[in-house]
> 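First, the structure itself, so that you have it in front of you.
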Amino acid sequence: MRLFNTTSKVTGKRSRSLLLCAIALPLLALGCSSDSPTEPTANPAPPPGGGGTTAFTITITANPASVPAGSLTPVALNITVRRADNGAAPANNTTLQLSTSAGNFTTAGTGPQTGAVALINGGAQVSLFAGAVELTAQVRAQLQSSIGTTNVAFTAPIEPDTFFIGSITPLTGSPDGGSRMRINGGGFFEPVRVFIGGQVAVVESVAPDLIVARTPQISLPVGETRSADVSVTVGLNTAESATDVLPGAFTYRRDGGGVQPQIFSLTPSSGPNEGGTTITIRGEGFSSPIQVLFGSGSAAAFNGIEATVLSVSSTQIMVTSPSATGFGQDNQNANVAVLVRNTNSGDATLLGNAFSYGTNVIITSLGPTAVSYVGGTLVTVSGQGFDEPVAVSAGGVGQSPISVTGTEIIFRASAVRVVDCQPVTADGSEASGPVGVTNIETGDGAVGPDFGYVGPPPPFITAVNPNTIAEAGGTAVTLTGGNFMDPVQVTINGALSNVSSVSDSEVVLNTPTIAGATFNTVGCDDNGDGEVGTRNVATSNNLSFSLRNVETGCTTEDVAVAFTVNPADTTCQNDVADIVPGTAPTAGFDFTVNGTTVAFNDQSLGAPTQWLWEFGDPGDNTSTLQNPSFAYGAPGMYTVRLTVTNDTGSSSATRLVEIVPAAPPSAAFDFTINGTTVAFTDQSLGGPTQWLWEFGDVGDSTSNAQNPSFAYGVPGMYTVRLTATNGNGSTSVTRLVDIP
């Protein structure tokens, strides 16, 4: 018995304990049998059409020639076949029959003991796993009447207390981690801890002679490599704890060596029961030599019929599907899983329900059955008999599949137009209807459950602030609510507001001139003549608010909002008593704002003969006209003073004039589709003077016309952008145009 200190590095017995990496090499079609030391009484029959008297030399080399009974480390059988007369290799894909008197091909414990391989350049590789009994197994290969044999010894199992690390596979891996490492050796028992390069690895399984762990992630620049020690501690935190180390046994490299294989898709994903379909398997981490099986089970215990591998790259495998029946299996008209195994590393990946035998198309379910009008949602169609390429429609709209297997289609829902807040197809009909699938090459198809599009939620207003505004307009108001979508149009008592900013829950605008406002009055005698007139005062008015999302046409219900409206005219009306001679005038004026230009209107009483206007701008400009106009240089709040004079005296009056910043236009448009030609109609607000249309086609076509038409070259979904400009800036809006 060997004893180890928990910190020692074991180097003894290395030469006799090195084990080969797990190799699971491809068999064309293997039947299942029990692990029996007795050789089958009948040899497999020669393949059909293989008659004749040609003699062959068949050589089988076993590496290693012996393994412990019950070991999970496979024996690699390298088979070479040559014609006895001229040394030539048989034709590619010639079938070679195999059998073993003990152990199992391809899978430990549960794999078959008979089967066949396809010869490529006169060679083939097969993995043999030891049985549980200590004996010598005879492996037999036969082509026509020629036979080759070799013996593999299943030796006494390694004593459980003999702890050592023999070898690891793979020897390289990505610094991103996640590679499955097989650590071969003996005397393994839990609890186990594995360090790779000083980092803790995740242990997936522990057997007496095999530990499977996932490599940890490290930081490694592109183009560099890093060697890492592999350390295993068994009996962690117990009195029997022991540690062994393989110094520098594993190499991290950025080129992806040792990546766990993954299957992304099969194309096509269905085919006839007799096999012979050329299939493309897409994924990553594939490494030749490789084995592909069609059947059922788990990656560790898979029962299947082997496909003929035509070509292999790291991301793609080309195979020919096997027959649905063979070696005791019957996959006729069934959905089967596909197993891919990198035979040098033993890493395998399994894709369930990947291939459908038979051709009937059936749709069994759909999910989800309703998606947003903006598209982009992944939708899964389940059933059988799907065979890429397929045509898919749902909700009256053509869809583009992104993944197709024999039992499942996944498509990313196309976007649809929205008219008056309702999703519609290209012809304007409601975007709803059953899902349909058609196999393009055969014309087979089926119709399934209903599918529909959900329109955008309508906007709503919950609060308006402030609640005091000016009749003349220009008051900054914030609307609070939800489902606002830039650009928006807001009307107050039927007049369009100037919107300055939009978020999902808030709209900021400047109010227009309020039409139809009513005011309470108070008595007044501004000229002091004893004759009482009336003056408008701030009064509560119920004003009608409406907000519309321009792109979707979704509109709020009309909202009645109670505002305190400040009247534009606060002069004393009907104060018309005769002017007393010798009385000084009383200054008063009104004004009208048009952009940055203000027209002033003298309303002074007492027959003034002179007027002095001080406009309150930085240049201290003045005028002596009775009713002048003045252009301010910039937005802002200005204090204007009017001083009026007659022979008796003078008086002054001041008022605040607010110049609101000019706003750019609010871009908006609509369109009409006629075949592949679309007529666009500008609906922008705010007086644009220039237009730029970007039609979203492959050629990036544009137009500066206000209402252009454009003919698209091919059907499809196009994103059209309109940019509207005036002297105050520009805004843009985009809409989707679906050319059927």
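Any value given below was found using the heavy atoms of this structure, including those in side chains, with hydrogens, waters and symmetry copies removed.
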> Please list, chain by chain and in numerical order, all residues satisfying side chain to side chain contact (heavy atoms under 4.5 Å, CB included) with Ser414, sequence neighbours excluded.
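Val397, Gln399, Tyr453.
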
> Test of understanding: with side chain to side chain contact (heavy atoms under 4.5 Å, CB included), list the residues that count as partners of Ser311, not counting sequence neighbours.
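Ser311 satisfies side chain to side chain contact (heavy atoms under 4.5 Å, CB included) with Met318 only.
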
> Quick one: does Pro90's side chain get under 4.5 Å of Phe56's, heavy atoms only?
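Counting from C-beta outward, Pro90 and Phe56 do come under 4.5 Å.
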
> Considering residues at least two apart in sequence or located in another chain, which fulfil the side-chain hydrogen bond (donor to acceptor under 3.5 Å, both in side chains) criterion with Asn335?
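Expected list: Ser356.
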
> Report yes if some heavy atom in the side chain of Val126 is under 4.5 Å from a heavy atom in the side chain of Val117; otherwise report no.
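Sidechains of Val117 and Val126: in contact.
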
> List the steps and the verdict of side chain to side chain contact (heavy atoms under 4.5 Å, CB included) for Val720 and Phe671.
CA-CA 10 Å; Val720 178; Phe671 56 88; over 6 Å; no

> Please report the C-alpha distance between Val212 and Ser205 in whole Å, then the side-chain angles of each, then the deciding distance to 0.1 Å, and finally whether the side chain to side chain contact (heavy atoms under 4.5 Å, CB included) criterion is met.
CA-CA 5 Å; Val212 179; Ser205 63; 3.4 Å; yes

> For Phe302, what residues pass the ring pair (Phe, Tyr, Trp, His ring centres under 6.0 Å) criterion, not counting sequence neighbours?
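Phe302 satisfies ring pair (Phe, Tyr, Trp, His ring centres under 6.0 Å) with no other residue.
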
> Is the closest side-chain heavy-atom distance between Met181 and Ile196 below 4.5 Å?
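Side-chain contact under 4.5 Å: yes.
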
> Who are the ring pair (Phe, Tyr, Trp, His ring centres under 6.0 Å) partners of Tyr373, not counting sequence neighbours?
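With sequence neighbours excluded, Tyr373 shows a ring pair (Phe, Tyr, Trp, His ring centres under 6.0 Å) to no residue whatsoever.
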
> Just jot down the salt bridge (charged side-chain N to carboxylate O under 4.0 Å, His left out) partners of Glu204, sequence neighbours excluded, or say none.
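So Glu204 forms a salt bridge (charged side-chain N to carboxylate O under 4.0 Å, His left out) with Arg180, Arg214.
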
> Does either side chain, that of Glu284 or that of Gln262, offer a donor lying less than 3.5 Å from an acceptor on the other one?
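There is such a pair (donor and acceptor under 3.5 Å, judged by atom type) between the side chains of Glu284 and Gln262.
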
> Ser432: which residues meet the side-chain hydrogen bond (donor to acceptor under 3.5 Å, both in side chains) condition with it, sequence neighbours left out?
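If we apply the side-chain hydrogen bond (donor to acceptor under 3.5 Å, both in side chains) test to Ser432, skipping adjacent residues, there are no hits.
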
> Identify all side-chain donor-acceptor contacts of residues 406-413 below 3.5 Å with residues at least two apart in sequence or on another chain.
residue : atom : partner : partner atom : Å
Thr407  : OG1  : Asn353  : O            : 2.9
Arg412  : NH1  : Gly376  : O            : 3.1

> With sequence neighbours left out, what residues match Arg282 under side-chain hydrogen bond (donor to acceptor under 3.5 Å, both in side chains)?
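Here the qualifying residues are Thr267.
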
> Kindly give the heavy-atom pair with the smallest separation between Val381 and Ile363, and that separation in Å.
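Heavy atoms of Val381 and Ile363 come nearest at CG1-CG2, 3.8 Å.
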
> Mind checking side-chain hydrogen bond (donor to acceptor under 3.5 Å, both in side chains) for Ser429 and listing every partner two or more places apart, or none if nothing turns up?
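Ser429: side-chain hydrogen bond (donor to acceptor under 3.5 Å, both in side chains) contacts with Thr425, Asp427.
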
> Please check if the side chain of Asn439 supplies one atom and the backbone of Asp387 the other of a donor-acceptor pair under 3.5 Å.
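Pair found, side chain donor or acceptor close to backbone of Asp387.
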
> So Leu366 and Pro449, do their side chains get closer than 4.5 Å, heavy atoms only?
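Yes. Closest side-chain heavy atoms under 4.5 Å.
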
> For the CG atom of Asp176 and the OH atom of Tyr252, what is their distance to the nearest 0.5 Å?
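Answer rounded to 0.5 Å: 10.5 Å.
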
> Please check this pair: side chain of Gln329 against backbone of Gly304, looking for a donor-acceptor N/O pair closer than 3.5 Å.
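Looks like yes, one N/O pair under 3.5 Å.
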
> Of all residues at least two apart in sequence or in a different chain, which pass the salt bridge (charged side-chain N to carboxylate O under 4.0 Å, His left out) check with Arg417?
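Arg417 satisfies salt bridge (charged side-chain N to carboxylate O under 4.0 Å, His left out) with no residue once adjacent residues are dropped.
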
> State, with a plain yes or no, whether a side-chain heavy atom of Thr349 is found less than 4.5 Å away from one of Leu339.
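No; the side chains remain at least 4.5 Å from each other.
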
> Contact between Thr380 and Leu378 at the side-chain level, heavy atoms closer than 4.5 Å - yes or no?
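Side-chain contact under 4.5 Å: no.
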
> Among all residues two or more places apart in sequence or in another chain, which pass the side chain to side chain contact (heavy atoms under 4.5 Å, CB included) test with Asp330?
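In terms of side chain to side chain contact (heavy atoms under 4.5 Å, CB included), with neighbours along the sequence ignored, Asp330 is linked to Thr325, Gln332.
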
> Atom CD in Glu694, atom CZ in Arg721: separation rounded to 0.5 Å?
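The CD atom of Glu694 sits 6.0 Å away from the CZ atom of Arg721.
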
> Assess the pair Phe695 and Tyr718: is the distance between their ring centroids shorter than 6.0 Å?
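Centroid distance Phe695-Tyr718: not below 6.0 Å, so no.
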
> If we only count heavy atoms from C-beta on, is the Thr278 to Leu310 side-chain gap below 4.5 Å?
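Contact flag for Thr278/Leu310 side chains = yes.
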
> Could you go step by step and tell me if Thr308 and Asn93 meet the side chain to side chain contact (heavy atoms under 4.5 Å, CB included) rule?
CA-CA 8 Å; Thr308 301; Asn93 294 318; 3.4 Å; yes

> Can you list the steps and then say if Ile290 with Val340 is a side chain to side chain contact (heavy atoms under 4.5 Å, CB included)?
CA-CA 7 Å; Ile290 208 159; Val340 171; 3.5 Å; yes

> Whether the side chain of Glu551 engages the backbone of Arg735 through a donor-acceptor N/O pair (distance < 3.5 Å, no angle test) should be reported.
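Checking the backbone N and O of Arg735 against the side chain of Glu551, no donor-acceptor pair under 3.5 Å is found.
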
> Can you name the nearest heavy-atom pair linking Leu350 to Ala337, along with the distance?
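Looking at all heavy atoms of both residues, the shortest contact is CD1-CB, 3.8 Å.
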
